[in-house]
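Encoded as C-alpha cells, the structure appears first; notes follow it.
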Amino acid sequence: MSLNLTVDGERWRSHLRSLTEATPGLVPVAKGNGYGFTLGRLARKAQWLADQGLGVDTLAVGTYDELPEVASRYAGDLLVLTPWRPFGAAIELDPRLADRVVHTVSRPEDLGDLLGRQPDARVVLERTTSMLRHGMTARELWSTPRILADHPKARVRGVALHLPLAHGAHLSEVQRLMNDVVATELPLDTVWVSHLAADELAVLRAAYPDFTFRPRVGTDLWLGDRGALRVTATVLDVHAVERGDAFGYRHRTAPKAGHILVVSGGTAHGIGLEAPTGDASLRSRAATLARGGLDAAGFVRSPFSIDGKQRLFAEPPHMQASMLFLPHGARVPAIGDEVDVRVRYTATAFDRVVVS
Ligand SMILES: *Cc1c(COP(=O)(O)O)cnc(C)c1O
C-alpha cells in the first residue's frame, strides 16, 4: 500500500558509528524531512551516538520550527543553522529550550538585537562564503567585538562557514576566510564547517592548531551508505490493455499491447516526472518515432523499476499512486509485489520507514 524505506539497521548503524569515529567533532545535521528518515528518528540516532561516547554533544537543525521535533529525543546542544532574525520562529523560541540552543548570527545588527532579548545567548557568528547565502563580510565580523562589549554575558561559540558542494576544492577559500577569523578581536577557537573532505579537514587542523574544526554533516552521515537503504513501492493493480485501449485521467490510448500497472507512490510522496528517455535531439526523436518507441508516444521515464529496468509512466503521477505502462513481453508482476524506486531521499515523504 505504501512507499517504504527499508533500512538494513545493522549496516546503517555501523556506518553511522564508523563515520562518527573517523570524523572528530562531527555535528550531525537533522533537518527538512530528516533526509527521508524523519527528524525524530535522526535525533534518537544522534543520542545513540552520543551515548556511545563518540563526542556527539551537538545536533544541528535547519530551522527554529524544527527544534520541538528533536529536543525531546536528543539531550545535547541544539545548533540552529538558519541565521537568527528578529522575526518569526526565532523570537518565539520556547524559553525552556533557550538554554540548549546555539544561535547562528549572520548580521551585526542581529547580534545586538538577540543579545538585547537573551543576554546570555550562545551564538556562532557566520562568515559569508563564495556560496553567498548568509553571513557577514570580514568588516562586519570585525565589528562584532564592539557589540559584544555591551553584552558581557554573551557566549560566543565560534564562527560558521557554509561552503558550496565542491569536494576537494575548498582549501584556498577556507584559508582566506580563516585569515578574517584570526584577525577578529575575539577569543574564537571553534570553526563550524560544512562540505569539507577528510583530507581538507586534516590540512586545516594542522595549519590552525589553536582552532577546533566541527564539520556539520547530513548527507554523508545519514545517506552515506546507500547499500543499507532500499526504497520500494507495492503493485496495487494490473490491467491488460490492447493497442488503442483508453486509460487514465486523460483517456490516453495505449500505443501498443501491454499492461497498465498501478503502483503506490505519487506526488504526495515527492514522486515526480523524470527527464524524458534517451537523447532528445530531433534526429534521435525521429529515429525513435520510426521504431514506434514508447517515448515517441510521449511516455516519460518513471523512477520505478521492474526486473532492473526503469519503467515508463503511463501518465503523470497521481497524488498517492502512479500508473506505469509495461509493454507486451515484459514479466508482469503480481498485485502485492514490491518494486524498486529511485528517489531523492531529501525530497521524499515515505509512508513507512522500517529499520531492521
Ligand atoms: C544542510 C546543511 C549542512 C549539511 O549538509 P549536507 O550536504 O546534508 O551534509 C551543513 N551546514 C549547513 C549550514 C546546512 O544548511
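Along the sequence shown, residues carry numbers from 1. Whatever order the structure lists ligands and atoms in, that order sets their numbers, starting from 1.
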Practice prompt. Do me a favour and list the nearest non-hydrogen protein atom to atom 9 (O) of ligand 1 with residue, atom name and distance?
Written response: Gly218 N, 2.8 Å
Fill in: atom 10 (C) of ligand 1 [closest protein heavy-atom partner, distance rounded to 0.1 Å]
Ser194 CB, 3.5 Å
Worksheet item: Are side-chain N/O atoms of Gln310 and Ser305 paired as donor and acceptor at under 3.5 Å?
Response: no
Worksheet item: Is the closest basic N to carboxylate O distance between Asp307 and Arg331 below 4.0 Å?
Response: yes
Worksheet item: Taking the side chain from Trp142 and the backbone from Thr137, do they hold a donor-acceptor pair closer than 3.5 Å?
Response: no
Worksheet item: Quick one: does ligand 1 sit under 4.0 Å from the side chain of Leu81, the backbone, both or neither, non-hydrogen atoms only?
Response: side chain
Discussion item. Quick one, His162 with Ser194, criterion side-chain hydrogen bond (donor to acceptor under 3.5 Å, both in side chains). Give me CA distance, side-chain angles, the key distance, then yes/no.
Written reply: CA-CA 5 Å; His162 190 37; Ser194 51; 2.7 Å; yes
Fill in: Asp8/Arg230 ion pair, N-O < 4.0 Å
no
Practice prompt. Would you check the N or O atoms of Val29, main chain and side chain alike, for any that come under 3.5 Å of an N or O of ligand 1?
Written response: no
Worksheet item: Does any donor atom in the side chain of Ser106 or Arg85 lie under 3.5 Å from an acceptor atom in the other side chain?
Response: yes
Item to complete: Looking only at protein heavy atoms, identify the closest one to atom 12 (C) of ligand 1 and say how far it is in Å.
Response: His162 CE1, 3.2 Å
Worksheet item: What residue and heavy atom of the protein are closest to atom 15 (O) of ligand 1, and at what distance?
Response: Lys31 NZ, 2.7 Å
Discussion item. Which residue and atom name correspond to the protein heavy atom nearest atom 5 (O) of ligand 1, and how close is it?
Written reply: His195 NE2, 3.3 Å
Worksheet item: Do Arg157 and Asp189 sit within salt-bridge range, that is, some charged N less than 4.0 Å from a carboxylate O?
Response: no
Response to the item:
Here the atoms of ligand 1 under 4.0 Å from any heavy atom belonging to Arg133 are 13 (C), 15 (O)
Response to the item:
protein heavy-atom neighbour closest to atom 8 (O) of ligand 1 works out as Tyr35 OH, 2.5 Å
